[in-house]
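What follows is a short report on a single structure.
Below, chain A is the first sequence line, B the second, and so on; all start at residue 1. What's counted below: heavy atoms across the whole structure, side chains too, no hydrogens, waters or symmetry copies.
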2 protein chains.
Amino acid sequence: MQPTEAPMSTALDTITAKKPRRADALRNYEALLAAAREAFAASGTDASLEDVARRAGVGIGTLYRNFPARDDLIEAVYVSEIEALAAVADEVRNDAAWPALTRWLDRFVDYIGTKRVLIEAMNRDSEVMAACRTAMYEAGGPVLARAQAEGVARDDVDVIDVVRMVAGVAGVQADPDQRRRLVDVAIDGLRAR
Amino acid sequence: MQPTEAPMSTALDTITAKKPRRADALRNYEALLAAAREAFAASGTDASLEDVARRAGVGIGTLYRNFPARDDLIEAVYVSEIEALAAVADEVRNDAAWPALTRWLDRFVDYIGTKRVLIEAMNRDSEVMAACRTAMYEAGGPVLARAQAEGVARDDVDVIDVVRMVAGVAGVQADPDQRRRLVDVAIDGLRAR
DNA sequence: CACGGTAGCGGAGGCACCCTCCGCTTGCAA
DNA sequence: TTGCAAGCGGAGGGTGCCTCCGCTACCGTG
């Protein structure tokens with residue numbers, strides 16, 4: 001464990017370290033990221049990379065130099081959003097144990113419910129995403145642990161179970177009302193019996 | 001409602017009606033289906049269609065004549081499996097209300113858990129798949145209704161909710177143990193409080 | 001059985017995308 | 001100002017998608 005004063009090391013750092021150093025190159029890098037975010041939002045993460053390069057106004061070669069694989073680009077686009085997701089757990093620090101748990105998960109669902117790409121991105125098998133997941137588990141773990149310690153949440157599940165289950169339910173194709181209902185049912189399953 | 005003696009009309013019929021009539025054409029049709037099943041199992045539903053045609057030993061044109069869109073091929077491959085899925089609900093007809101519900105859903109999860117493609121296929125937006133879903137809801141509806149009537153299942157959900165939720169949880173990337181645990185939690189959320 | 005019409009065949013071809021490679025350009029340190 | 005390496009970008013080879021249409025061979029009819 002690091003002393004809390006030290007700047008927290010995040011998965012973002014891993015990405016930032018890869019940014020190019022020259023001014024023109026940096027401009028291109030940012031343009032690519034913006035174009036990719038736009039394209040992924042419009043057509044999912046399998047949008048055409050040539051199209052991304054075109055939108056960004058750079059050559060395809062430049063895209064591939066900055067992001068050798070499609071996954072690298074996806075990660076760069078979504079890492080910051082996923083980190084924000086982890087931060088959601090902090091918002092409920094002062095709630096009572098069970099409401100804290102439900103509010104955390106509800107916020108979580110609100111956040112990812114509309115963008116299925118985020119769930120996919122989160123499940124991606126890569127170093128960076130693994131770091132993201134860890135961050136998320138570390139943030140949510142205490143919320144669950146508190147509810148379990150107070151006996152309001154069943155204790156045969158861990159935080160990974162909870163996040164996976166909720167993400168699974170949140171990812172179903174359904175209108176927002178139905179999704180909310182499904183998530184509520186699933187969360188209800190977490191109550192201590 | 002049809003009298004029960006009449007042969008039940010199934011989504012399969014819609015597919016069967018599209019089979020070619022000439023002997024050589026029928027052979028090709030079956031070969032394509034077999035090749036596609038194999039290819040989809042190996043590389044998912046985005047396997048190369050040219051490869052499917054090659055494996056089947058027919059020209060690419062033949063594939064496209066029988067299955068004008070990729071989805072048509074996917075449907076033809078999976079419709080029968082999804083119908084089997086609906087039949088699972090019949091197995092539990094004689095169980096007590098709550099065990100019937102849990103057993104139905106457990107069997108359901110066993111069936112689709114390993115093949116994510118099936119879940120995807122099921123959510124596909126098409127006439128045939130809609131018929132499949134309807135069949136499934138009609139099979140599972142009574143199981144849920146019985147549990148609700150006896151007051152052991154919460155009554156603010158319908159069968160569509162239940163199937164969607166369970167399918168969502170069953171689709172998460174996880175080892176079988178974890179998946180089983182997650183599904184149990186979610187199903188537990190269905191208990192009347 | 002012979003034969004004609006037509007259902008069905010299959011692959012060439014046009015298009016889009018993937019990714020690599022390498023000769024040219026340009027930012028920046030000295 | 002200048003030299004050079006970091007960076008550029010697009011041509012090109014490969015693969016897959018899907019359409020189109022001249023040819024093949026099944027099968028109903030006489």
To the nearest angstrom, how far is A/Leu49 atom CG from C/dC19 atom C1'?
10 Å
To the nearest angstrom, how far is A/Leu32 atom CG from D/dG7 atom P?
14 Å
What is the distance, rounded to the nearest whole Å, between atom CG of A/Leu26 and atom P of D/dC8?
10 Å
Write down the distance between CD (B/Glu50) and C1' (C/dC17), rounded to a whole number of angstrom.
14 Å
Testing D/dG16, C/dC17, C/dG27 for proximity to the side chain of A/Arg54, the answer is C/dC17
Would you call B/Arg93-B/Asp90 a salt bridge at under 4.0 Å N-O?
yes
Quick check for you: among D/dC17, C/dG10, D/dA11, whose closest atom lies nearest to any side-chain atom of B/Val58?
C/dG10
Look at all strands and tell whether A/Asn28 reaches a base, only sugar-phosphate, or nothing, counting heavy atoms closer than 4.0 Å.
sugar-phosphate
From B/Val162, B/Leu105, B/Leu101, B/Leu182, residue fulfilling side-chain contact (heavy atoms from CB on, under 4.5 Å) relative to B/Ile187
B/Leu105
Between P of C/dA12 and CD1 of B/Ile60, the distance in whole Å
13 Å
What nucleic acid atoms does B/Ala53 come within less than 4.0 Å of, heavy atoms only: base, sugar-phosphate, or nothing?
nothing
Side chain to side chain, A/Leu85 and A/Met136, heavy atoms closer than 4.5 Å:
yes
Would you mind classifying the nucleic acid contact of B/Arg65 as base, sugar-phosphate or nothing, using non-hydrogen atoms under 4.0 angstrom?
base
Nearest-angstrom distance from the residue atom CG of B/Asp24 to P of D/dC27:
6 Å
Nearest-angstrom distance from the residue atom CZ of B/Arg55 to P of C/dG10
18 Å
What's B/Thr62 touching, base or sugar-phosphate or nothing? Going by heavy atoms closer than 4.0 Å.
base
Write down the distance between CZ (A/Arg27) and P (C/dT26), rounded to a whole number of angstrom.
12 Å
Taking the side chain as every heavy atom from C-beta outward, state whether A/Leu118 and A/Met122 have any pair of such atoms under 4.5 Å apart.
no
Mapping A/Gly59 and B/Tyr64 to their closest nucleotides on DNA chain D, which lands nearer the 5' end?
A/Gly59
